[in-house]
Amino acid sequence: QVQPVESGGGLVQAGGSLRLSCAASSTIFSINAMAWYRQAPGKQRELVADITSGGSTNYVDSVKGRFTISRDNAKNTVTLQMNSLKPEDTAVYYCYAGWGIWGQGTQVTVSS
């Protein structure tokens with residue numbers, strides 16, 4: 001398995017929470033930083049958050065204080081906990097494992 005596998009998207013009301021997970025191969029996961037991107041209809045794909053192999057994190061300003069990225073090195077998974085969701089968070093969320101390797105995407109829809 002090379003392509004990361006995402007799970008956890010869905011439909012939620014504004015103010016609600018969702019948790020996205022991404023499972024990657026152990027080879028990739030042990031070396032690379034991992035990231036979550038999102039792409040809303042008619043917009044460019046944007047970086048939401050990333051986390052290095054050492055655990056350092058980075059977030060786009062619009063999600064700071066609401067989203068948390070974490071990684072489990074024993075399970076080769078990276079998780080994006082999304083709280084206080086807003087309609088503008090609606091997008092397809094992609095896991096990125098570096099080296100041009102993307103997951104298939106998972107839809108997140110936040111209703112107002």
Side-chain angles (χ1 to χ4, degrees):
Q1 172 193 339
V2 176
Q3 185 180 36
V5 178
E6 300 123 333
S7 60
L11 172 64
V12 66
Q13 289 188 331
S17 298
L18 283 174
R19 186 179 180 90
L20 306 182
S21 292
C22 171
S25 72
S26 58
T27 300
I28 293 172
F29 198 85
S30 64
I31 298 172
N32 288 356
M34 300 290 293
W36 286 97
Y37 283 73
R38 66 186 179 188
Q39 187 166 19
K43 294 188 177 181
Q44 289 188 330
R45 192 172 296 188
E46 67 168 350
L47 175 66
V48 176
D50 60 30
I51 184 166
T52 68
S53 57
S56 296
T57 59
N58 175 60
Y59 299 90
V60 67
D61 285 346
S62 60
V63 307
K64 286 181 179 177
R66 300 189 297 121
F67 291 11
T68 302
I69 189 170
S70 61
R71 62 192 292 157
D72 185 331
N73 292 333
K75 296 182 178 179
N76 301 324
T77 58
V78 60
T79 299
L80 186 68
Q81 177 66 42
M82 305 185 294
N83 299 328
S84 302
L85 282 161
K86 304 176 181 179
E88 51 264 43
D89 295 318
T90 295
V92 178
Y93 284 69
Y94 296 90
C95 178
Y96 180 64
W99 301 341
I101 300 171
W102 294 88
Q104 79 284 0
T106 185
Q107 178 70 47
V108 171
T109 303
V110 184
S111 63
S112 57

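All residue numbers refer to positions in the sequence shown, counting from 1. What you see below is based on every heavy atom in this structure, not just the backbone, and it leaves out hydrogens, waters and symmetry mates.
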Approximate separation, where rounding is to 0.5 Å, of K75 NZ and S26 OG: 15.5 Å

Which heavy atom of Q39 sits nearest to which heavy atom of K43, and what is that distance? NE2-O, 3.2 Å

Would you confirm whether Q107, through its side chain, and G9, through its main-chain N or O, come within 3.5 Å as a donor-acceptor pair? no

Within the side chain of T90, is there an N or O that forms a donor-acceptor pair under 3.5 Å with the backbone of V110? yes

For G98 against N32, the heavy-atom pair lying closest together: CA-ND2, 3.9 Å

Nearest 0.5 Å, what's the NZ-OG distance between K86 and S112? 14.0 Å

Compare all side-chain heavy atoms of R38 with those of L20 and state whether any distance is below 4.5 angstrom. no

Between M34 and M82, is there a shared hydrophobic cluster once you connect ILVMFWY residues whose side-chain heavy atoms come closer than 4.5 Å? yes

So which atom in A14 and which in P87 form the shortest heavy-atom distance, rounded to 0.1 Å? CB-CD, 4.1 Å

Taking the side chain as everything from C-beta on, heavy atoms only, tell me whether L85 gets closer than 4.5 Å to F67. yes

For the side-chain contact (heavy atoms from CB on, under 4.5 Å) test, which of L80, T79, V63 pairs with I69? L80

When clusters are formed by joining ILVMFWY residues with side-chain heavy atoms under 4.5 Å apart, either directly or through shared neighbours, do V78 and Y96 land in the same one? no

With a 4.5 Å limit on heavy-atom distance, are the side chains of P4 and I101 in contact? yes

Ignoring hydrogens and geometry, is there a side-chain-to-backbone donor-acceptor pair from D72 to A74 under 3.5 Å? yes

Y59 side chain to R66 main-chain N or O, any donor-acceptor pair under 3.5 Å? no

Look up atom CG in N76 and atom CZ in R71, then write down how far apart they are to the nearest 0.5 Å. 9.0 Å

Ring-plane angle category for W102 and Y94, please: parallel below 30°, perpendicular beyond 60°, tilted otherwise. perpendicular

For S17 against S84, the heavy-atom pair lying closest together: OG-N, 4.4 Å

What's the separation between atom CG in L11 and atom OG1 in T109, rounded to the nearest 0.5 Å? 6.0 Å

Any chain of hydrophobic side-chain contacts (each under 4.5 Å) joining L18 to Y37? no

Pair D61 + K64: basic N to acidic O under 4.0 Å: yes

Could you tell me the separation between the SG atom of C22 and the CD atom of E6, rounded to the nearest 0.5 Å? 5.5 Å

Roughly how far apart are S62 OG and E88 CD, rounded to 0.5 Å? 8.5 Å

Treating Ile, Leu, Val, Met, Phe, Trp and Tyr as nodes and any side-chain heavy-atom pair under 4.5 angstrom as an edge, say whether V92 and W36 lie in one connected cluster. no

